[in-house]
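Data first, discussion second: the structure below is written as structure tokens.
Order of the sequence lines sets the chain letters (A, B, ...), proteins ahead of strands, with each chain counted from 1. What you see is a predicted model, and the numbers here were worked out from it, not measured in a lab.
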Amino acid sequence: MNNTTTDQIIGIRKNVLKKEFSRMNDRQQEAVFSVNGPLLILAGAGSGKTTVLVNRIANIIRYGNAYKSENISNDLSEEDLSAANRYLSAGEPLPFQVKCHFAAEPCRPWQILAITFTNKAAGELKNRLNSMLGEEGDDIWASTFHSTCARMLRRDGDKLGYSNHFTIYDTDDSRRMMKECQKSLGIDDKILSFKSILSAISRAKDSMIQPKEYLQQAGSDNRLGLIAQAYKLYQAKLKEADAMDFDDLICNTVCLLQQHPDVLEYYQNKFRYIMVDEYQDTNHAQYLLVKLLAQKSTNLCVVGDDDQSIYKFRGATIENILNFERTFPNAKVIRLEQNYRSTKNILNAANAVIENNTERKGKTLWTDNPAGEKIGVHTAFSEQDEADYIAKKILESVAVGRKFADHAILYRMNSQSNILEKIFIKSGIPYRIIGGLRFYERKEIRDMIAYLSVINNPNDEIRLRRIINQPKRSIGDKTIAQATEIAATLGESVFDIIKNADQYEPLKRTAPKLLQFAATMQELIDAANDENTSLNELYHLILDKTDYIGSLKASENDDAQDRIDNINELASNLIKYEEDNGEEASLSGFLEEVSLLTDIDNFDANSDSVVMMTIHSAKGLEFPVVFLPGFEDGIFPGIQAIYNPAEIEEERRLAYVAITRAKEELFIVNAESRMIFGSTSRNKPSRFIEEIPEELVARSRTREWKKPAPGMALPTSAFEARVVTTESARSFGPSNLIHSEPPKVQFQVGDGVMHKTFGTGLILSVSPMGNDTLLEIAFEKAGTKKLMANFARLQKI
DNA sequence: GCACCTATCTTTTTT
DNA sequence: AGATAGGTGC
């Protein structure tokens with residue numbers, strides 16, 4: 001190092017680093033290299049924030065703080081420097097050694113914590129880290145708030161009085177639990193609903209208010225007093241059941257860290273770098289959690305976009321991001337304003353809409369992308385016509401070479417998917433619905449999960465109740481109530497009481513049934529404890545012993561087969577879980593994974609079908625062509641938001657998210673009249689449409705009155721059958737593409753065909769597209785339709 | 001204890 | 001319109 005000065009070395013090192021991350025723009029690089037101290041990245045939609053996060057983590061692991069540090073490694077040799085210079089000038093690969101020698105205070109993967117909101121975001125982050133860093137990437141804690149907390153609580157939850165295999169209650173479990181509480185406190189649901197109590201409790205937990213404090217704060221307020229009682233009882237019951245709800249995961253972790261300095265210190269030392277994605281969606285408790293963990297290192301990087309804050313209803317406070325600079329002194333702020341996703345027209349429309357909000361940090365996205373098509377704004381007659389229009393547009397678009405999967409339909413509320421679904425079935429457009437009735441929310445799945453939960457944790461009273469008479473065992477509410485009461489008086493668990501049912505007078509009559517149930521469960525518990533029983537075997541043992549499927553078949557329910565399919569689907573999930581986790585696989589592990597899983601996590605872009613979901617679910621995703629139906633005042637913005645300026649702003653942010661999902665084409669649709677709650681209403685076009693400059697818009701409307709959806713007038717049994725197939729297929733799983741094994745029949749113009757719904761018809765035109773064929777068919781009764789050959793289930797005649 | 005009927009409510013959005 | 005919870009009658 002004789003001839004080279006320190007400054008020169010630092011210069012070379014900076015250039016090497018710059019080159020290593022040269023795929024990033026200047027702002028992004030700045031974010032990647034700003035490693036130490038608090039950092040707020042205001043990342044607009046489509047500005048490449050995940051790329052920045054991934055590269056920032058890679059930089060931290062490989063180089064640490066080298067870009068900003070003035071220190072030079074002692075290991076650095078002349079040889080290293082000339083290698084670096086060759087790398088800079090001739091593009092020769094940089095030896096690993098040199099990378100190491102250039103690093104300053106690098107960090108190990110397991111010292112990094114990256115928190116996201118959805119499993120999907122976490123999964124994507126993990127994937128990209130893995131492809132950038134290889135196996136090293138696996139050791140990074142990249143997960144959601146909830147699973148991060150669950151992990152910490154499994155380790156140290158005993159300090160709060162929970163076991164390490166505690167159950168995670170979802171919304172439905174919480175509801176059942178709260179109904180119990182209402183009953184025992186004599187609270188009439190009409191006067192104080194379980195819903196409002198639960199949301200009050202949720203807010204309390206967000207603010208880290210314990211039942212005791214809640215009661216104090218309630219003062220003489222009757223309503224709040226009742227809520228406080230319910231809160232107290234609810235928490236007591238949860239603890240007794242060794243269970244936590246979603247909010248508990250967060251606030252119990254905060255409690256754990258606040259009350260146990262040793263635990264706090266452990267994690268503060270462990271995590272040298274912390275990153276939080278979607279920071280605008282954090283609530284107060286999550287903010288506290290992050291603050292606690294990052295207090296010591298202060299190496300906290302949060303990424304967010306105040307314009308995309310759409311979870312206020314869930315307790316997210318936009319103040320977290322607006323106040324970041326105040327809370328974390330010396331915070332650096334970096335704005336990422338270049339959008340790589342959308343065309344100029346789409347981006348300008350989004351900018352124009354969001355500008356009408358007053359509560360903003362303020363930023364304007366720009367792009368180098370071409371102007372692209374104008375934004376289609378279409379006015380339809382009815383919601384049917386709206387769906388018809390979208391179907392037609394998609395078929396046109398596929399006809400000129402796009403894939404079905406390039407199209408997404410994003411709506412305000414789940415119920416909007418119904419008509420679309422019907423029209424798509426009719427037109428033979430393959431689609432998938434994300435959200436709505438979720439796989440894990442189906443009765444039969446919940447029942448199976450409940451069995452597994454009780455086996456895992458017999459104290460789980462709520463789930464024990466769920467299955468005690470499912471399938472029917474002639475154990476009624478009264479018996480259960482009595483058993484519960486006895487359990488409460490004796491301070492034992494309900495399961496223990498049932499096991500000895502014959503010893504209690506009030507249970508005498510049903511004792512044999514109870515004993516039999518208890519014996520079955522005990523057998524299953526023993527099987528679960530046996531090392532040699534795999535989860536899959538256990539699952540089939542449950543099905544065997546309970547004859548769940550048998551009773552389903554006996555019920556003669558129309559959807560019995562669907563339900564059986566779902567039950568088998570859960571089995572394949574179990575097998576997959578076991579395969580993925582090998583030795584680590586455990587019943588409680590599976591249950592945890594399941595309870596934190598949502599549908600969007602299973603969104604698989606590989607199958608070629610149109611995607612439908614709510615705008616909320618679509619956050620973080622992008623699609624070449626986006627349709628936004630229901631842009632009407634009263635739908636979007638929703639009726640409840642119209643007279644509330646703050647809520648209008650939230651709705652507008654939602655509109656902003658919706659618009660910015662589109663890469664190339666955007667169609668906004670409204671209907672002049674539509675059915676809501678079974679009655680027809682006429683809505684004005686959404687105010688958000690008016691906020692888009694007219695020069696960006698191409699308007700159209702359905703002119704002549706079309707007979708409302710001819711296909712719908714044919715309620716044949718075949719049509720109904722299709723709907724049922726669709727229902728089961730939309731759930732989730734390895735292939736939740738709506739498909740039937742495509743009959744690969746070749747069609748020609750002039751062929752006569754038979755369609756299940758439309759009857760007989762004649763093929764007018766055949767246009768191959770991708771790996772499918774668009775057919776135009778004149779049906780004898782149903783008129784002329786365009787159908788995709790592979791999905792239409794046509795038979796030649 | 002169970003099946004069937006009716007009344008009521010829903011539609012915000014999710015971990 | 002459709003689902004679901006709760007009540008009534010067997």
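Listed by chain and residue number, Arg652(A), Glu691(A) satisfy the side chain to side chain contact (heavy atoms under 4.5 Å, CB included) test with Asn356(A) (two or more places apart in sequence, or in another chain). By the side-chain hydrogen bond (donor to acceptor under 3.5 Å, both in side chains) test, Lys126(A) pairs with no residue at all, sequence neighbours left out. Annotation: salt bridge (Lys or Arg N to Asp or Glu O under 4.0 Å) contacts of Lys237(A) (sequence neighbours excluded): Glu180(A). For Ile676(A), the side chain to side chain contact (heavy atoms under 4.5 Å, CB included) criterion is met by Ile635(A), Arg674(A), Ser681(A), Asn683(A), not counting sequence neighbours. Residues passing the side-chain hydrogen bond (donor to acceptor under 3.5 Å, both in side chains) test with Glu651(A) are Arg412(A), sequence neighbours excluded.
Here Asp248(A) contributes atom CG and Tyr234(A) contributes atom OH; the two are 6.5 Å apart, rounded to the nearest 0.5 Å.
The Thr171(A) side chain lies nearest to dT15(B) when the options are dT11(B), dT13(B), dT15(B). Which of dG1(B), dT15(B), dT13(B) sits closest to the side chain of His616(A) comes down to dT13(B). Picking from dG2(C), dG1(B), dT13(B) the nucleotide with the shortest atom distance to the side chain of Phe313(A) gives dT13(B). Taking only side-chain atoms of Phe246(A), from C-beta outward, the nucleotide of dT15(B), dG2(C), dG1(B) with the closest atom is dT15(B). Here dT14(B) is the nucleotide among dT11(B), dT14(B), dG1(B) with the atom lying nearest to any side-chain atom of Arg314(A). The side chain of Tyr311(A) has dT14(B) as its nearest neighbour among dT14(B), dT11(B), dG1(B).
Using the six-membered ring where Trp is involved, Tyr162(A) and Phe166(A) have ring planes that are perpendicular, over 60° apart on the 30 and 60° scheme.
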Write out a two-atom table: protein N or O, nucleotide N or O from nucleotides 8-10 of chain C, distance below 3.5 Å.
none

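Shown for residues 466-475 of chain A: residues whose heavy atoms fall under 4.0 angstrom of DNA chain B, namely Asn469(A), Lys472(A), Ser474(A), Ile475(A).
Residue pairs meeting the salt bridge (charged side-chain N to carboxylate O under 4.0 Å, His left out) criterion with at least one partner in residues 274-289 of chain A, sequence neighbours excluded, are Lys49(A)-Asp277(A), Lys49(A)-Glu278(A), Glu278(A)-Lys619(A), Asp281(A)-Lys619(A). Residue pairs meeting the salt bridge (charged side-chain N to carboxylate O under 4.0 Å, His left out) criterion with at least one partner in residues 192-201 of chain A, sequence neighbours excluded, do not occur; the list is empty.
The distance from atom CD1 of Ile115(A) to atom C1' of dT15(B) is 13 Å, rounded to the nearest whole Å.
Using a 4.0 Å cut-off, no side-chain N or O of Thr118(A) falls inside it from OP1 or OP2 of dT14(B). Between Thr479(A) and dG1(B) there is a side-chain N or O to OP1 or OP2 distance below 4.0 Å.
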